[in-house]
2 protein chains.
Amino acid sequence: MVERADAARNRRAILLAAERLLAERGVEHVSLDEVAAAAGVGKGTVFRRFGNRTGLMRALVEQRTMAMIEALSDGPPPLGPGAPPLERLIAFLDAVTELATANVALIAAYEHALTNEEHAERSRQSSPLYQAWHRHVAGLIVQARPDLDGELLAHILLGSLHSDLVRHLLARGESERLNRTLRYLASTLLAAPATRTGSA
Amino acid sequence: MVERADAARNRRAILLAAERLLAERGVEHVSLDEVAAAAGVGKGTVFRRFGNRTGLMRALVEQRTMAMIEALSDGPPPLGPGAPPLERLIAFLDAVTELATANVALIAAYEHALTNEEHAERSRQSSPLYQAWHRHVAGLIVQARPDLDGELLAHILLGSLHSDLVRHLLARGESERLNRTLRYLASTLLAAPATRTGSA
DNA sequence: GTACTATCCGGACCGTCAGTCCGTCTATCC
DNA sequence: GGATAGACGGACTGACGGTCCGGATAGTAC
């Protein structure tokens, strides 16, 4: 059964209203009651559509990141397949920094909702979005440097995009600085192993 | 005026109860009502002592980290002053990994409480504990590599201790793996600049 | 021991919010 | 036009963080 027209209309209205409110007030100052009111629907409708607060936030974030995720596997290089690992990694970091920068409020809302979840294995790492990103980065690292712990390093790299830090930097208008350091970090890590003790 | 004996007794009881409950159930399943009940005091007492949820969590965390923070400036090398930067950095990462590993529940509780705070400049980065750590790490990086963005790299390094990730690794009994990769990362970063394009 | 007071105690109370429930309404299909 | 699956909305619930204040008590002075 296809989604009824009124349902589709309401879903759009809710997403739109949520996005607006989230941008206007902070993450913490938007209740689902308000979202419902702003969208001109009942609260029940919000929950029927999105399950819970996290569901709504996830829908918002996915809306903004889907295109990029698809470009990772199907798009043109260097983001998509075809370029050497370091180039792809840098392209990815650029793209993800830009996304994170443009959507701090949204991502903060999503992460926050996640950490408030019940389920044992909540937490950032278990969200499908994060997993897709992580798989990608870990894969690239391992391709270039099979001797490293790509999986863990990918977590650490992605960790620097925690909305906390991004917000901190954005508040001072320094998102470009984040990007520069990430690029540096990536190049240093992927460079051919130096003759040095203590390799991983 | 010195703290009254009953007040001191209650403070200890509350800290103890909170710690126990936090370890038993998860972060999200401990309300201050319960802490009060478990400590055998009224709820008002908890709030008078610690101000709010965050205050209680902070007190718990500080209890566990004070010793290490003092060792950074006053203890023997390599943790304290006297050893070369890389050694000190590695000693610090060892110490902090151990702390984070041993106190995931506590730290998760603290971070979570922080992100629920009202104030604009909440967030991890603004807690005094984090700032002390950050200052230390950033200082060491700059000492060894004045050409790098030590401040930001310090954020990224510390970011890998976000309780999220630590919990993720601990759940699989791999805290030693985290430590190994951090050591590697630190050594690579602090190594003398290679002849490479794209330096920060 | 008594009296006095600064401080603390406890738990009833409040406002807010995520999430549920169910009687009513309506888009869609025939 | 009528039947019905599914959507609608908003009152309701339960939980929680935080406040308040009348009553209790540690500490002190004598």
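Letters A, B, ... mirror the listed sequences (proteins, then strands); counts begin at 1.
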Donor on one side chain, acceptor on other, B:Glu34 and B:His29, under 3.5 Å: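 Looking only at side-chain atoms, B:His29 and B:Glu34 do not form any donor-acceptor pair under 3.5 Å.
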
Can you tell me how far [atom2] of [N] sits from [atom1] of [X], to the nearest Å?
X        : N      : atom1 : atom2 : answer
A:Leu114 : C:dA18 : CG    : P     : 15 Å
B:Asp6   : C:dA6  : CG    : C1'   : 12 Å
B:Phe47  : C:dG15 : CZ    : C1'   : 14 Å
B:Arg53  : D:dT19 : CZ    : P     : 15 Å
B:Phe50  : C:dC8  : CZ    : P     : 13 Å
B:Arg25  : D:dC16 : CZ    : C1'   : 14 Å
B:Arg9   : D:dG27 : CZ    : C1'   : 14 Å
B:Asn10  : D:dT25 : CG    : P     : 13 Å

B:Arg58: salt bridge (Lys or Arg N to Asp or Glu O under 4.0 Å) partners, not counting sequence neighbours: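 Checked B:Arg58 against salt bridge (Lys or Arg N to Asp or Glu O under 4.0 Å); zero matches.
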
Touch class at under 4.0 angstrom, heavy-atom based, for A:Arg4 against every strand present: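 A:Arg4: base contact, heavy atoms under 4.0 Å.
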
Sugar-phosphate only, base, or nothing, as touched by B:Arg49 at under 4.0 Å among non-hydrogen atoms: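 Since only primed, P, OP1 and OP2 atoms lie under 4.0 Å of B:Arg49, the category is sugar-phosphate.
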
Side chains of residues 68-78 of chain B: which donor-acceptor partners sit under 3.5 Å, not counting sequence neighbours?
residue	atom	partner	partner atom	Å
B:Ser73	OG	B:Glu70	O	3.4

Side chain to side chain contact (heavy atoms under 4.5 Å, CB included) partners for B:Ala17, two or more places apart: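 So B:Ala17 forms a side chain to side chain contact (heavy atoms under 4.5 Å, CB included) with B:Ala38, B:Ala39.
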
With B:Glu176 via side chain to side chain contact (heavy atoms under 4.5 Å, CB included) - residues at least two apart: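 Listed in chain order: B:Arg180.
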
What donor-acceptor contacts under 3.5 angstrom involve side-chain atoms of residues 95-102 of chain B, with partners at least two apart or in another chain?
residue	atom	partner	partner atom	Å
B:Thr97	OG1	B:Leu93	O	2.5
B:Thr101	OG1	B:Thr97	O	2.6

Salt bridge B:Arg172-A:Glu151, side-chain N to carboxylate O under 4.0 Å: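 Salt bridge present between B:Arg172 and A:Glu151.
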
Set of ring pair (Phe, Tyr, Trp, His ring centres under 6.0 Å) partners for A:His155, sequence neighbours left out: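 By the ring pair (Phe, Tyr, Trp, His ring centres under 6.0 Å) rule, A:His155 matches A:Tyr130, A:His134, B:His168.
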
Close N or O pairs between protein and nucleotides 20-22 of chain D (under 3.5 Å):
none

DNA chain C-proximal residues of residues 33-41 of chain B, any heavy atom under 4.0 Å: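 B:Gly40, B:Val41, in order of number.
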
Any pair counted as salt bridge (charged side-chain N to carboxylate O under 4.0 Å, His left out), so long as it reaches residues 104-114 of chain A, sequence neighbours left out: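 Of all non-adjacent pairs touching residues 104-114 of chain A, those that pass salt bridge (charged side-chain N to carboxylate O under 4.0 Å, His left out) are A:Glu111-A:Arg124.
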
